[in-house]
Each structure stands twice: as structure tokens, then as C-alpha cells.
Amino acid sequence: MPLAAFPKCFLNALCADRSMSVEEWIEMASTLDVDGLEMFTGFLPLRDARKLHEIRDRVAGKGMTVPMLCCSPDFTKPDRVERAAEVEKQKTAISAAAALGAMFCRVLSGQRRPEVSIGEGIGYAAECIKQCLPTAEALGVTLILENHYKDGFWDYPELAQKKDDFLALLGAIGNPPNFGVNYDPSNAVVAGDDPIELLEEVKHRVVTMHASDRFLAPGGSLDDLKELDAHPTKGYAPFLRHGVVGEGLNDYDRIFSILRDVGFQGWVSIEDGEDPDVGMEHLAKSAQFLRAKMGQYGLE
């Protein structure tokens with residue numbers, strides 16, 4: 001089971017103020033005990049195949065690969081033309097994933113807009129994802145649907161955030177060969193669901209995993225989070241924190257035992273931290289914890 005790292009704590013530097021380059025992230029990450037680097041569409045030249053090949057080669061030069069491309073399509077827009085534009089953006093991301101040598105590209109449902117019902121949103125998202133599958137299949141890429149909380153640049157949280165809605169979307173898409181689940185236990189916690197119960201429901205469809213841990217800062221609660229999620233606000237709630245993997249709310253012994261029992265051999269990608277000042281230190285600690293757990297459960 002190979003291990004990757006995702007630059008969660010450096011996304012503002014990579015995507016917003018551009019104070020960090022992709023090349024700098026690759027150089028920094030080469031010091032970690034990981035096999036690959038998960039990339040994000042927000043900091044990549046998605047339509048420049050030459051530059052994407054250069055990034056792939058730079059990662060390979062550090063003894064790693066790019067297994068996954070993280071993308072945040074917003075398929076719940078009520079306007080059909082705008083949804084069609086999101087499909088084309090996702091197809092561009094799939095092509096970029098292939099250019100990077102990535103086997104997996106993430107998809108989402110989209111934002112939980114108050115004017116779009118859950119049923120309507122699931123229908124929109126399923127239709128859009130199905131439209132992306134032929135492109136992915138032609139390029140040898142598997143689309144991975146994540147039980148997601150919220151993109152950091154969105155106003156509203158994920159439409160299919162709750163377990164029942166996520167399972168409904170999976171059911172609406174079906175089980176095509178180049179489609180699976182990217183399981184994130186922390187997002188289930190944030191949704192108010194039991195991450196183990198969700199994993200038991202989807203364990204045979206999990207092909208990749210985001211290894212993350214969450215905790216609530218003093219003064220914050222899940223009830224506060226639900227209240228905040230009902231109103232537009234860019235980014236995450238200030239009291240919702242990512243932490244070092246293994247130091248938060250998730251039971252990784254139970255998670256890895258379930259994955260072992262179903263023969264999971266996919267990529268696990270570290271997604272921790274929001275403080276860039278300690279980002280590399282936390283990523284290194286998370287990698288150390290996960291390597292030990294992977295060895296303990298025979299998932300090396």
C-alpha cells in the first residue's frame with residue numbers, strides 16, 4: 001500500500017498568493033518518507049502538457065510518482081450551461097492527470113446550495129460524473145468520489161456530505177470499472193457520521209484514501225459547525241482544525257483492519273495541517289505514524 005502526501009497546509013501559498021511554486025513543493029516533499037505526491041488542479045498548468053510532463057519528470061527524479069490529482073468540480077449549479085462548463089473543466093483535469101502519470105482523479109458532487117434540493121443535486125452530480133467517465137476510461141484514469149466536507153474556496157459545504165446522500169450518489173452512478181471511492185474518515189466525523197460505519201458501507205469500493213485527522217479547537221462544536229454551514233462563508237470554520245494523523249478523532253487501527261480484510265492495496269494520501277510554519281514537521285510525523293500502522297496491518 002503506497003503512501004503519498006498532499007500539500008494541504010500550503011494551498012494558500014500554492015494557489016492564492018503564489019508565494020510557493022510547484023517545484024518548491026516537490027523539493028520540500030522529497031524529504032518525506034512517501035512514495036508519491038498528490039497534486040491539486042489549483043496550482044497546475046492544466047492545459048500545458050509540456051509543463052505537466054516536466055512536473056511528472058521532476059517528481060520521478062526524486063524517486064516518486066504522481067498517483068492522484070485532486071479536483072473540486074461543482075456539479076450542483078442549477079444552470080445546465082454552467083454544469084456543462086464544470087464537466088468540461090473536469091475533463092481537462094482528467095487529461096492533466098493522465099499527463100502527470102496519475103491513475104486517479106477526484107470528483108465531487110458540488111456545493112449544497114439552498115436553492116437546489118438534495119435529490120436534484122444528486123441527479124445533477126450523477127449525470128455530470130457519468131459524462132466524464134468515457135474520457136477517464138479512454139485515458140486510463142479512475143475517477144474517485146470523495147465523502148467530502150468542503151473545498152477551501154467554496155461558500156457552501158458538499159451536497160453529498162452526509163453518509164446517506166453520499167451512498168445515494170454512489171448508487172445513482174452505479175459501478176463502472178473506472179470509478180471508485182476516495183475515503184476520508186475525518187470528513188465523516190465533520191458530517192456527524194461514524195467514519196467506521198461509512199467505511200463498512202463502501203469498503204469494497206474504496207480504491208484510494210485521504211489519511212487525515214480532525215479536531216475541534218476549544219470553543220467550537222459540531223453544532224456550531226452545522227449552524228455555520230447553513231450560511232455562505234469562504235473557506236473552513238475557524239474552529240475546525242486538521243491535525244497530525246494519529247493524534248485526532250479517528251480510529252486508524254479499526255480503519256486499517258477493515259481495509260486489510262477487504263484486500264485494499266491502493267494509495268493512501270496524507271492530508272493534514274493548516275499551519276505552514278509546522279507543515280513539514282506535521283507531514284513527517286503523519287508519514288511516520290502511517291508507515292508504522294501500514295506495517296502493523298500488513299499493508300506495506
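All residue numbers refer to positions in the sequence shown, counting from 1. Because only heavy atoms are used, hydrogens play no part in the values below, and waters and symmetry mates are left out as well, while side chains stay in.
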| query | Does Ile173 share a hydrophobic cluster with Val116, counting links as ILVMFWY side-chain heavy atoms below 4.5 Å and allowing steps through other members? | reply | no
| said: Once side-chain hydrogen bond (donor to acceptor under 3.5 Å, both in side chains) is applied, what residue pairs with a partner in residues 128-143 remain, sequence neighbours excluded? | reply: none
| Quick one: does Asp33's side chain have a donor or acceptor within less than 3.5 Å of a partner on Ala287's backbone? | no
| said: Go through it in stages, so that I can follow the logic: the residues are Lys8 and Glu38, the test is salt bridge (Lys or Arg N to Asp or Glu O under 4.0 Å), and I'd like the CA-CA distance, side-chain angles, deciding distance and then a yes or no. | reply: CA-CA 10 Å; Lys8 177 72 179 177; Glu38 179 184 358; over 6 Å; no
| query | Any sub-3.5 Å donor-acceptor pair from Arg106's side-chain atoms to Cys71's backbone N or O? | reply | yes
| request: Give a yes or no on whether the backbone of Leu145 and the side-chain of Asn182 come within a donor-acceptor separation of less than 3.5 Å. | output: no
| Under a 4.5 Å side-chain heavy-atom rule over Ile, Leu, Val, Met, Phe, Trp and Tyr, are Leu299 and Leu290 clustered together? | yes
| message | For a side-chain contact (heavy atoms from CB on, under 4.5 Å) check, start with the C-alpha distance between Leu259 and Val268, then their side-chain angles and the critical distance, and finish with the verdict. | response | CA-CA 11 Å; Leu259 292 176; Val268 173; 5.7 Å; no
| query | Got a sec, which residues hit salt bridge (Lys or Arg N to Asp or Glu O under 4.0 Å) with Arg83, two or more places apart in sequence or on another chain? | reply | none
| message | Between Phe289 and Val244, is the side-chain contact (heavy atoms from CB on, under 4.5 Å) condition met? List the steps. | response | CA-CA 9 Å; Phe289 169 81; Val244 175; 5.9 Å; no
| field | side-chain hydrogen bond (donor to acceptor under 3.5 Å, both in side chains) between Thr76 and Gln111, worked out | value | CA-CA 6 Å; Thr76 60; Gln111 298 185 62; over 6 Å; no
| task | Determine whether Ile118 and Lys162 make a side-chain contact, defined as any pair of heavy atoms from C-beta on separated by less than 4.5 Å. | result | no
| Arg80 with Glu127: basic N within carboxylate O range, under 4.0 Å | yes
| said: The test is side-chain hydrogen bond (donor to acceptor under 3.5 Å, both in side chains); show your working for Gln296 and Lys293 and say whether it passes. | reply: CA-CA 5 Å; Gln296 181 181 347; Lys293 284 296 174 191; 3.1 Å; yes
| query | Side chain of Tyr297, backbone of Ile258: donor and acceptor closer than 3.5 Å? | reply | no
| Any ion pair linking Lys51 and Glu54 (charged N to carboxylate O, less than 4.0 Å)? | no
| task | List in chain and number order the residues that pass salt bridge (Lys or Arg N to Asp or Glu O under 4.0 Å) with Glu27, two or more places apart in sequence or in another chain; answer none if no residue qualifies. | result | Lys62
| message | Is it the case that the side chain of Glu86 and the backbone of Asp74 share a donor-acceptor pair, with hydrogens and angles ignored and the cut-off at 3.5 Å? | response | yes
| task | Apply the test side-chain contact (heavy atoms from CB on, under 4.5 Å) to residues Phe166 and Glu201: give CA-CA distance (whole Å), side-chain angles for both, the deciding distance (0.1 Å), then the verdict. | result | CA-CA 11 Å; Phe166 183 72; Glu201 292 275 5; over 6 Å; no
| In Å, rounded to the nearest 0.5 Å, how long is the span from CG of Leu69 to CG of Leu44? | 6.0 Å
| Does the pair Tyr124 and Leu159 meet the rule for a side-chain contact (heavy atoms from CB on, under 4.5 Å), with working shown? | CA-CA 11 Å; Tyr124 293 158; Leu159 178 120; over 6 Å; no
| message | Tell me whether the rings of Phe6 and Phe40 are parallel (<30°), tilted (30 to 60°) or perpendicular (>60°). | response | perpendicular
| Hey, what's the ring geometry for Phe10 with Trp25, parallel, tilted or perpendicular (30° and 60° as the breaks)? | tilted
| query | Between Leu37 and Ala4, what is the shortest heavy-atom contact and its length? | reply | N-CB, 4.3 Å
| Side chain of Asp48, backbone of Arg50: donor and acceptor closer than 3.5 Å? | yes
